[in-house]
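Shown next, in structure tokens, is the structure this report addresses.
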Amino acid sequence: MFGFSDKGNLNLITQALEAVGRKMRVLPDPSTVHFHLPGDLSVLVHRKYEDFINELVSKFPHEKEGILKFYDTCWTIFNSLNSLELKSLEEPLYLFRQFFQKPRECLTLAYYLPQNAGDIARKFIKDQELLSFIDAECFIVSTVNALQTPMINASMVLCDRHFGGINYPVGGVGGIAISLADGLVEKGSEIRYKANVTNVILENGKAVGVRLSNGKEFFAKTVISNATRWDTFGKLVKEELPEEEKNFQKNYVKAPSFLSIHMGVKASVLPAGTDCHHFILEDNWNNLEKPYGSIFLSIPTVLDPSLAPEGHHILHIFTTAGIEDWEGLSRKEYEEKKEVVANEIIRRLEKKLFPGLQDSIVLKEVGSPKTHRRFLARNDGTYGPMPRGKPKGLLAMPFNTTSIDGLYCVGDSCFPGQGVIAVAFSGIMCAHRVAADIGLEQKSPVLDAGLLGLLRWLRTLA
Ligand SMILES: NC(=O)c1ccc[n+]([C@@H]2O[C@H](COP(=O)([O-])OP(=O)(O)OC[C@H]3O[C@@H](n4cnc5c(N)ncnc54)[C@H](O)[C@@H]3O)[C@@H](O)[C@H]2O)c1
Ligand SMILES: CC(C)=CCC/C(C)=C/C=C/C(C)=C/C=C/C(C)=C/C=C/C=C(C)/C=C/C=C(C)/C=C/C=C(\C)CCC=C(C)C
């Protein structure tokens with residue numbers, strides 16, 4: 001996980017846990033990911049920035065200058081981000097204060113806001129294979145290539161992995177939700193589980209509450225939806241799609257979902273020193289973004305052996321996959337298809353990384369895009385939004401307010417997009433905007449109208 005470090009302003013998981021009086025023990029991952037790419041290009045992203053740069057330069061010595069210039073630009077953006085107090089960009093008093101206190105940093109971010117990583121990389125780098133490597137760097141966090149990945153998001157992940165580092169919460173990532181929930185309850189909140197919202201209740205065009213599938217209704221000053229914007233406006237709000245959302249759907253499509261395999265294997269199948277995270281694309285760069293084209297693999301027991309019985313490891317393997325491949329099948333066909341597709345992926349891993357993998361399996365569970373749709377309640381099981389074409393960086397991404405008074409959105413179909421830290425930031429922004437709107441923080445109605453209008457107009461330019 002990103003966001004677990006003890007320094008800077010972008011350690012948003014640490015900060016969220018602290019806010020509810022919690023702290024988790026984490027284990028530092030010595031690397032972010034081990035890339036296994038076409039042409040036997042192998043790159044390990046070390047935790048220490050200098051080690052990573054030296055490794056990359058050793059593979060592309062003729063591009064040393066371009067590599068340094070590209071990643072230096074990422075650092076300029078990351079350092080600007082990391083210097084700000086992160087609150088709502090839809091709240092003018094805060095935004096103006098930040099511009100006044102940190103003008104250089106805010107102007108840097110404003111300059112890069114409409115730009116994409118692939119365009120910046122092409123300013124400095126000519127080698128096609130290296131540009132494809134940067135595509136893979138972006139793909140693992142955005143599910144699209146570098147030309148479609150906003151430069152601010154790319155900089156955030158390409159630098160924070162070295163600044164804050166990747167850290168594993170002892171006991172597994174499920175512990176994050178448990179700690180947050182415990183902390184919230186301790187602070188006086190109430191959480192209702194198995195509460196399936198089917199309607200946002202509107203009164204005179206204002207959101208005033210929610211209705212559950214069991215018919216119960218809850219009323220509130222403010223409704224915040226963590227469902228995707230496709231679910232919020234396609235299912236929960238029964239009105240005609242507002243113009244703003246039409247614009248969002250014009251600019252963004254649902255990213256595919258995932259096929260995931262969770263396996264328990266005998267430890268002897270992994271060579272000594274195996275890294276925790278791997279990304280595998282065997283022969284052809286053109287397959288990078290295709291369904292089942294590339295394989296993600298995490299082995300959390302490399303860092304935290306307590307998760308599996310002695311002598312065993314856990315493998316979490318996943319590839320992008322669309323829901324359309326999995327619809328219209330009988331139960332039997334569905335189960336058979338999961339088996340066939342999973343076995344092919346395991347065969348590829350066996351060939352590339354771990355001979356004998358198939359025979360070492362002691363437990364295997366396969367999830368399809370339908371599993372994601374069902375258990376995460378996400379439209380088509382989508383991983384999040386993906387630009388329809390070439391985006392203007394983050395310019396078109398909506399923030400938290402919506403065109404329905406009293407209704408706010410958070411999560412990965414809001415600015416700045418996919419990723420736990422991105423989503424946590426959208427939560428922080430939303431909390432601040434709501435606090436201002438219900439009188440818990442300062443606000444200026446005149447400036448609000450001006451800024452929200454300006455941001456709406458900017459989005460139409462994207
Ligand atoms: N690091 C990883 O490997 C990893 C894995 C998975 C997801 N992620 C990140 O998490 C991000 C998603 O975060 P998010 O917060 O936007 O979405 P989310 O899907 O994690 O959270 C949405 C929440 O809303 C609930 N919900 C949805 N519809 C509901 C309804 N009708 N009634 C009641 N509850 C409902 C869901 O149960 C869920 O708890 C992704 O973009 C991804 O980057 C990361
Ligand atoms: C007016 C206006 C609007 C403006 C002005 C200017 C300014 C001030 C600006 C500002 C801005 C800001 C603050 C921004 C922010 C941003 C952020 C925070 C961002 C973030 C991001 C993040 C991200 C993207 C992340 C991501 C991640 C991910 C997705 C991850 C994933 C992972 C996975 C999948 C795993 C892998 C594995 C393997 C390889 C195995």
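Note that ligands are numbered from 1 as they come in the structure, with each ligand's atoms numbered from 1 the same way. Because only heavy atoms are used, hydrogens play no part in the values below, and waters and symmetry mates are left out as well, while side chains stay in.
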> Does the ring centre of Phe279 sit less than 6.0 Å away from the ring centre of His34?
Replying inline: no
> Ser298 heavy atoms, cut-off 4.0 Å: which ligand 2 atoms fall inside?
Replying inline: 40 (C)
> Nearest 0.5 Å, what's the CG-CG distance between Leu95 and Leu89?
Replying inline: 6.0 Å
>> Within the 4.0 Å heavy-atom shell around Gly419, which atoms of ligand 2 are there?
In response: 26 (C), 27 (C), 28 (C), 29 (C)
> Do the rings of Phe133 and Phe35 sit parallel, tilted or perpendicular, given the 30° and 60° boundaries?
Replying inline: perpendicular
> Strictly by modelled atom types, are His372 and Ser260 linked by a side-chain donor-acceptor pair under 3.5 Å?
Replying inline: yes
> Where is the nearest protein heavy atom to atom 19 (C) of ligand 2: which residue, which atom, and how far?
Replying inline: Pro416 CG, 3.5 Å
>> Among Arg433, Glu244, Glu90, Arg456, which residue satisfies the side chain to side chain donor-acceptor pair (under 3.5 Å) criterion with Thr401?
In response: Glu90
> Is Thr301 reaching over with its side chain to a backbone N or O of Leu307, donor-acceptor style, under 3.5 angstrom?
Replying inline: no
>> Quick check on contacts: which atoms of ligand 2 are under 4.0 angstrom from a heavy atom of Leu297?
In response: 40 (C)
> Looking only at side chains, do Tyr383 and Asp412 share a donor and an acceptor under 3.5 Å apart?
Replying inline: no
> Which of the numbered atoms in ligand 2 are below 4.0 angstrom from a heavy atom of His277?
Replying inline: 40 (C)
> Quick one: are the ring centres of Tyr252 and Trp230 less than 6.0 Å apart?
Replying inline: no
>> Does this structure show an ion pair linking Arg192 with Glu190, if we count only N-O contacts that are shorter than 4.0 Å?
In response: yes
>> Show me which atoms of ligand 2 lie under 4.0 Å from any heavy atom of Leu86.
In response: 13 (C)
> Is it the side chain, the backbone, both or neither of Tyr383 that has a heavy atom closer than 4.0 Å to ligand 2?
Replying inline: side chain
>> Please determine whether a side-chain nitrogen of the Lys or Arg among Lys390 and Asp119 lies less than 4.0 Å from a carboxylate oxygen of the Asp or Glu.
In response: yes
> With no hydrogens and no angle check, is any side-chain donor or acceptor of Ser155 less than 3.5 Å from a backbone partner on Met151?
Replying inline: yes
Nitrogen or oxygen contacts under 3.5 Å, ligand 1 side and protein side:
{"from": "ligand 1", "atom 1": "15 (O)", "to": "Asn226", "atom 2": "ND2", "distance (Å)": "3.1"}
{"from": "ligand 1", "atom 1": "16 (O)", "to": "Asp412", "atom 2": "N", "distance (Å)": "2.8"}
{"from": "ligand 1", "atom 1": "17 (O)", "to": "Arg378", "atom 2": "NH1", "distance (Å)": "2.9"}
{"from": "ligand 1", "atom 1": "19 (O)", "to": "Arg378", "atom 2": "NH1", "distance (Å)": "2.8"}
{"from": "ligand 1", "atom 1": "31 (N)", "to": "Val197", "atom 2": "O", "distance (Å)": "2.9"}
{"from": "ligand 1", "atom 1": "32 (N)", "to": "Val197", "atom 2": "N", "distance (Å)": "2.9"}
{"from": "ligand 1", "atom 1": "41 (O)", "to": "Asp412", "atom 2": "OD2", "distance (Å)": "2.7"}
{"from": "ligand 1", "atom 1": "41 (O)", "to": "Gly419", "atom 2": "N", "distance (Å)": "3.2"}
{"from": "ligand 1", "atom 1": "43 (O)", "to": "Tyr383", "atom 2": "OH", "distance (Å)": "3.0"}
{"from": "ligand 1", "atom 1": "43 (O)", "to": "Gly419", "atom 2": "N", "distance (Å)": "2.7"}

> Does some non-hydrogen atom of Phe425 fall short of 4.0 Å from ligand 2?
Replying inline: yes
>> Under 4.0 Å from a heavy atom of Val157: which atoms of ligand 2 are those, numbered in the order shown and with their elements?
In response: 23 (C), 25 (C), 26 (C), 27 (C)
>> For His316 and His262, take the angle between the two ring planes, folded into 0 to 90°, and tell me which bin it lands in: parallel under 30, tilted 30 to 60, perpendicular over 60.
In response: parallel
>> Let me confirm one number: the CG-SG distance from Asp29 to Cys276, rounded to the nearest 0.5 Å.
In response: 5.0 Å
> What protein heavy atom sits nearest atom 29 (C) of ligand 2, and how far away is it?
Replying inline: Val141 O, 3.1 Å
> Which of the atoms of ligand 2 are close to Leu81, meaning less than 4.0 Å from one of its heavy atoms?
Replying inline: 12 (C), 13 (C), 14 (C), 15 (C), 16 (C)
> To which protein heavy atom is atom 7 (C) of ligand 2 closest, and what is the distance rounded to 0.1 Å?
Replying inline: Leu109 CB, 3.9 Å
> For Glu289 and Asn145, does a side-chain donor sit closer than 3.5 Å to a side-chain acceptor?
Replying inline: yes
> Of all the non-hydrogen atoms in the protein, which one sits nearest to atom 32 (C) of ligand 2, and at what distance?
Replying inline: Ile140 O, 4.3 Å
> Of all the non-hydrogen atoms in the protein, which one sits nearest to atom 22 (C) of ligand 2, and at what distance?
Replying inline: Met156 CG, 3.5 Å
> Given the side-chain rings of Trp75 and Phe163, with only the six-membered ring counted for Trp, is the space between their centroids under 6.0 Å?
Replying inline: no
> Nearest heavy atom to atom 1 (C) of ligand 2: which of Asp275, Leu95, Leu89 does it belong to?
Replying inline: Leu95
> Considering only the protein, which heavy-atom contact is closest to atom 35 (C) of ligand 2, and what is its distance?
Replying inline: Phe318 CZ, 4.4 Å
> Salt-bridged, Arg229 to Glu245, with N to O below 4.0 Å?
Replying inline: yes
> Contact between His278 and ligand 2, counting heavy atoms under 4.0 Å?
Replying inline: yes
> Is ligand 2 under 4.0 Å from a heavy atom in the side chain of Leu455, in the backbone, in both, or in neither?
Replying inline: side chain
>> With a 4.0 Å cut-off on heavy atoms, is Gly417 in contact with ligand 2?
In response: no
> Would you call the rings of Phe52 and His162 parallel, tilted or perpendicular if under 30° counts as parallel and over 60° as perpendicular?
Replying inline: parallel
> Going by the atom numbers of ligand 2, which of them fall below 4.0 Å from some non-hydrogen atom of Val33?
Replying inline: 39 (C)
>> Looking at ligand 2, would Leu394 count as a contact under a 4.0 Å heavy-atom criterion?
In response: no
> For atom 4 (C) of ligand 2, which protein heavy atom lies nearest, and how many Å away is it?
Replying inline: Leu113 CD2, 4.4 Å
> Does Glu441 come within less than 4.0 Å of Lys87, counting only side-chain N to carboxylate O?
Replying inline: yes
>> Counting non-hydrogen protein atoms only, what is the nearest one to atom 37 (C) of ligand 2? Give residue, atom name and distance.
In response: Phe296 CD2, 4.1 Å
>> Once you restrict to heavy atoms under 4.0 Å, what part of Gln98 touches ligand 2? Side chain, backbone, both or neither.
In response: neither
